[in-house]
Engineer: 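To start, I am sharing the structure in question, which I have written as structure tokens.
Numbers restart at 1 for each chain; the letters A, B, ... are given by sequence-line order, proteins then strands.
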2 protein chains.
Amino acid sequence: MARSLRRISESTIHRLSIYYRALNQLERENYETISSKELAKREKLTPAQVRKDLSFFGSFGTRGLGYPVGELRNKIAEILGINRTWNVALVGVGNIGSALVSYKEFQKQGFKIKKIFDNDQRKIGSNHKGIVVSDIKKLFEELKDGEIEIVVVAVPATVAQIIVDDIVRAGIKAILNFAPMNLKVPDDVEVRNENMAMELEYLSFSLSNDSLRP
Amino acid sequence: MARSLRRISESTIHRLSIYYRALNQLERENYETISSKELAKREKLTPAQVRKDLSFFGSFGTRGLGYPVGELRNKIAEILGINRTWNVALVGVGNIGSALVSYKEFQKQGFKIKKIFDNDQRKIGSNHKGIVVSDIKKLFEELKDGEIEIVVVAVPATVAQIIVDDIVRAGIKAILNFAPMNLKVPDDVEVRNENMAMELEYLSFSLSNDSLRP
DNA sequence: AACCTGTTGTGAAAGGTTTCACAACCAGAC
DNA sequence: GTCTGGTTGTGAAACCTTTCACAACAGGTT
């Protein structure tokens, strides 16, 4: 059973995502069970880490046998909260925003884009995959009823904070941010950054300082 | 001066990116110097962490005064290796790939997309912002001369590994991966993942397990 | 020149994460 | 029923990162 008072680290949660994808693949390959050793090998992790990560949430394996693939997959989906659909709003239909609307992985994983906002008059009213783009001025109005649970921010850095203030005020607790900046939000709002510039800078550092890599 | 034998943690490198952006902003606001205290406050970090991070690379500040904004900005650019341009190739001009070609932040930061590849006959030969799309079959051939230093992979997960094997074989040491999967590469190749599904899953976990957040 | 305020740079302490190592256990063989 | 090989679950150890705390120092003031 879940250890209710334990805090779970960011790395552990990320690895659950990795296990989830690996287990889906194993299911396709008709595996019935998988050992921590084999799972770790596939994902370049250590067996102990796999077991420790899972043990935070319960004991799902059988000694001598390993973990039942389908069952563990479902259990992880449940832990991650992806055994259901989430209603998502997208703010900003520029280059990245438009790409996200068509991005099939989102839908596949149960993240449904329900509303789209932009401030460009030429875009407002236009149709993106069946969703009509609303005026960004209506953001607060449209988010405050609680239908939308996650908001994706894909606007220029210069306006991102203003928009996020509105989003927070409307009661949203989860934001995926593509603007290359640190958003300021209250502690009870979770922001994840998808910052390509930052990852490229990491690669640049890595190429420039071969000996200093972690 | 640089401490040559110290390994630098991933978190420290990511924070250097954060400091870099903050310092650019401070420069725009005409700050001449900034204390670790003030810089930390702006980015929701601790002063000690700012000082410790910087101290790995040298001592750039003045006791009693703080750090010189412009100078520190330049020094961090140098450490991150972004005081120059990098030649980038893009593989896959689907939704995400096309968005990246138009994404201005890349160019602004000195990451220049020089070559584009795809396997779709309708796309090969077409022009994206002045770059003609090449057949993905020519990937190895076109990368092996060393002009390209960083490759961005924006292809479906099913073909990502095959393509990456080619990229690695051609001698590329830095890859930015948008495919939702863990790529297998030798230890001397650095892969950064831009995995939106994973970040959404984190948000999903966060909304589902309020009490377990780190 | 002595003093005061502010801030860095950094060893040491605290806190967190990963790895180790092994008892506990399962399933199959004999 | 007992043994054997394999694997989990987990405290403890090792390792890594962050925070603390303070000496060292710059610059201004009296």
Engineer: Could you tell me whether the side chain of Arg63(B) has a donor or acceptor atom within less than 3.5 Å of a complementary atom in the base of dT7(C)?
Structural biologist: no
Engineer: Below 30° counts as parallel, above 60° as perpendicular, anything between as tilted: where do the rings of Phe57(B) and Phe205(A) land?
Structural biologist: perpendicular
Engineer: To the nearest Å, give me how far apart CG (Leu39(B)) and C1' (dT7(C)) are.
Structural biologist: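 So the two atoms are 13 Å apart, to the nearest Å.
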Engineer: Please give me the minimum heavy-atom distance between Lys115(A) and Ile131(A), naming the atom from each residue.
Structural biologist: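 Closest heavy-atom pair between Lys115(A) and Ile131(A): CA-CG2, 4.1 Å.
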Engineer: Please determine, for the side chain of Ser55(A), which listed nucleotide (dT17(D), dT10(D), dC26(C)) has the closest atom?
Structural biologist: dT10(D)
Engineer: Roughly how many Å is it from CG in Leu54(A) to C1' in dT18(C), rounded to a whole number?
Structural biologist: 15 Å
Engineer: Nearest to the side chain of Lys52(B), heavy atoms from C-beta on, is which of dA12(C), dG9(C), dT17(C)?
Structural biologist: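 Nucleotide nearest to Lys52(B)'s side chain: dA12(C).
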Engineer: Measure from CZ on Phe60(A) to C1' on dT10(D) and round the result to the nearest Å.
Structural biologist: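 Answer to the nearest Å: 15 Å.
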Engineer: With nearest nucleotide decided by heavy atoms, which residue, Ala48(B) or Arg51(A), maps closer to the 5′ end of DNA chain C?
Structural biologist: Ala48(B)
Engineer: When you get a sec, tell me which of dG11(D), dT17(D), dT8(C) is the closest nucleotide to the side chain of Ser36(B)?
Structural biologist: dT8(C)
Engineer: So does Thr62(A) get a side-chain nitrogen or oxygen closer than 4.0 Å to the phosphate oxygens (OP1/OP2) of dT8(D)?
Structural biologist: no
Engineer: Which nucleotide wins on minimum distance to the side chain of Ser35(A), given the candidates dT8(D), dG9(D), dT18(D)?
Structural biologist: dT8(D)
Engineer: Starting at CG of Leu45(B) and ending at P of dT17(D), how long is that distance when rounded to a whole Å?
Structural biologist: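 Those two atoms, CG and P, are 16 Å apart.
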Engineer: Here's a test of your reading of the structure: between Thr46(A) and Leu65(A), which maps to the more 5' nucleotide of DNA chain C?
Structural biologist: Thr46(A)
Engineer: What is the distance, to the nearest angstrom, from the CD atom on Gln49(B) to the C1' atom on dG15(C)?
Structural biologist: 13 Å
Engineer: From C-beta outward on Tyr67(A), which listed nucleotide comes closest to its side chain: dG9(D), dT18(C), dA26(D)?
Structural biologist: dG9(D)
Engineer: Does the Gln161(B) side chain pair with the main chain of Lys184(B), one donor and one acceptor, at a distance under 3.5 Å?
Structural biologist: yes
Engineer: Could you tell me whether Lys112(B) and Glu149(B) make a salt bridge, using a distance below 4.0 angstrom between a side-chain N and a carboxylate O?
Structural biologist: no
Engineer: Atom CD1 of Ile8(B) and atom C1' of dT17(D): how far apart are they, to the nearest Å?
Structural biologist: 12 Å
Engineer: dT19(D) C1' sits how many Å from Lys37(B) NZ, rounded?
Structural biologist: 16 Å
Engineer: Is any NZ, NE, NH1 or NH2 atom of the basic residue among Glu38(A) and Arg42(A) found under 4.0 Å from an Asp or Glu carboxylate oxygen of the other?
Structural biologist: yes
Engineer: Rounding to an integer number of Å, can you tell me how far Ile34(B) CD1 sits from dG6(C) C1'?
Structural biologist: 14 Å
